[in-house]
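The structure displayed is predicted, hence computed values, not measured ones.
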Amino acid sequence: MRTKIAVRPVLAFTALAWAGMWVAMLPLLISGFQRTSSDIGLGALEQICISAAMLTPALAAFIVLRRWERATPVRTTLGLTWNRRTALDCLLALACPLVLTLLALGIGTATGTYHPDLADFSGFRRQFAPDTTGQQGVPLAALAVWAGSLLVQMLISLPLFFGEELGWQGYLFPRLRPRGPVFAVLVTGFVFALWHVPTLLLGGQYPGTSWPVAIGAFLVTCVLVVPIFAWLRTRSASVIPAVVAHTAVSTAVVQLPWVLADADHPPHPLTTGLTAWPGWLAMAVLVAVLAIRRRSLQTIGRRSAAGALAGTAGDFGSTGATRR
């Protein structure tokens, strides 16, 4: 029998997180800002608004906890813990999105939706090393500089992704988990996707795309990526690996298609990477593997428990026969 969830705190959290996002993005909405290309650069106002928005899920979680779960310790309740396997899980969280992205780019290359340039890295030169545009060969020095700056960017932005995941995987997913993992990841993915509606209206994730298509595509992306974040959260009993994975998805995964692309065929998030159908396919494979593995482990656990129970019953039976 599945345990009931506390509906009012969950609804309050969702409303606060959504409202906070709209308030944070209001200056951009009023200014008429619209992202029209897949170039990665952002202006100062966009960065400020996005940074403020990313803190709203954590703020919503803190407010709801103070209102409905005042006696519970915030740190452990939201999964701000570190144990022996957290470091390894963080490495897994970093590698997993990168491997999935490379798989998605491979699928895109095979189907003609993605065009790599591994000889001259023309897309990389255009986006990250414009001074080397037109040069030939692999730009090893420029790639090293990019990798170093990417690492710094990820470290700097890590607190902002704590702001998101303390809400999504720290608060919301565990509150929905008693109704079952499928229910929990689907609802969390739905809430997570619709939280992004203001940025989707501004062309953030899918520039140059109509908002109904952008919202629909991002809903699919979130429903597939949230189970991966939830798996990392559950296996580590900590929200930190989910934070690392989200950081990688929103930084390295966004840039990687450009690093390997042909400049004459710029990658678009609606057809390339994790936010497009090749990425959906790659993530769906991993989610299916995780679901099958979980079911297999549950079956083994039930059989082991049944065997232990049968053995115990046999011991009692033999003991009883001896006494008679």
Side-chain angles (χ1 to χ4, degrees), residues 35-47 50-51 90-161 199 203-209 221 225 228 243-283 286:
R35 187 182 179 213
T36 56
S37 73
S38 57
D39 288 348
I40 293 173
L42 290 174
L45 180 60
E46 297 92 84
Q47 293 182 27
I50 291 172
S51 298
C90 286
L91 291 177
L92 177 63
L94 181 62
C96 187
L98 298 178
V99 172
L100 289 173
T101 301
L102 290 174
L103 178 58
L105 295 181
I107 295 171
T109 301
T111 56
T113 61
Y114 181 69
H115 303 273
D117 178 8
L118 303 181
D120 300 318
F121 285 76
S122 56
F124 168 80
R125 294 179 186 276
R126 170 183 160 179
Q127 188 67 229
F128 302 107
D131 294 341
T132 68
T133 300
Q135 297 180 15
Q136 296 181 334
V138 179
L140 293 177
L143 284 169
V145 171
W146 165 78
S149 64
L150 174 63
L151 181 59
V152 172
Q153 179 188 351
M154 292 177 67
L155 291 174
I156 292 175
S157 61
L158 202 60
L160 298 177
F161 290 100
T199 62
Q205 284 78 10
Y206 299 97
T209 304
T221 299
V225 78
I228 300 171
V243 173
V244 173
H246 195 163
T247 304
V249 165
S250 295
T251 54
V253 165
V254 173
Q255 297 183 25
L256 193 56
W258 269 108
V259 171
L260 304 177
D262 185 339
D264 293 333
H265 300 88
H268 191 280
L270 196 58
T271 57
T272 303
L274 286 188
T275 59
W277 71 264
W280 301 343
L281 183 58
M283 288 190 291
L286 176 57

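- Asp120 places a side-chain N or O within donor-acceptor distance of the main-chain N or O of Gly137, the cut-off being under 3.5 Å.
- With values rounded to the nearest 0.5 angstrom, Leu98 atom CG is found 7.0 Å from Leu102 atom CG.
- Side-chain N or O atoms of Ser250 include none that pairs as donor or acceptor with a backbone N or O of Thr247 at under 3.5 Å.
- Under the 30°/60° scheme for interplanar angles, the aromatic rings of Phe128 and Phe124 are found to be tilted.
- Thr272 contributes no side-chain N or O that, together with a main-chain N or O of Pro267, makes up a donor-acceptor pair within less than 3.5 Å.
- Here the closest non-hydrogen pair linking Trp277 and Ile107 is CZ3-CG2, 3.8 Å.
- Looking only at distances, no side-chain donor or acceptor of Asp262 sits under 3.5 Å from a matching main-chain atom of Pro116.
- With a 6.0 Å radius and a threshold of 12 heavy atoms from other residues, nucleotides or ligands, Gln136 has its CD atom at or below the threshold.
- Side-chain contact check for Arg126 and Thr133: no donor-acceptor pair (N or O, by modelled atom type) lies under 3.5 Å.
- A pairwise comparison of heavy atoms in Val138 and Arg125 identifies C-NH2, 4.3 Å as the closest pair.
- Rounding to the nearest 0.5 Å places CG of Leu94 at 9.0 Å from CG of Leu151.
- Note that the CZ atom of Phe121 and the CH2 atom of Trp146 stand 9.5 Å from one another [nearest 0.5 Å].
- Counting only N and O atoms by type, the side chains of Gln205 and Thr275 include no donor and acceptor under 3.5 Å apart.
- Among Val249, Leu286, Val225, the single residue meeting the side-chain contact (heavy atoms from CB on, under 4.5 Å) criterion with Leu100 is Leu286.
- With hydrogens and angles disregarded, no donor-acceptor distance shorter than 3.5 Å links the side chain of Arg35 to the backbone of Pro207.
- Between the Tyr114 side chain and the Pro257 main chain, a donor and an acceptor come within less than 3.5 Å of each other.
- To the nearest 0.5 Å, atom CG of residue Asp264 and atom CG of residue Asp117 are 8.5 Å apart.
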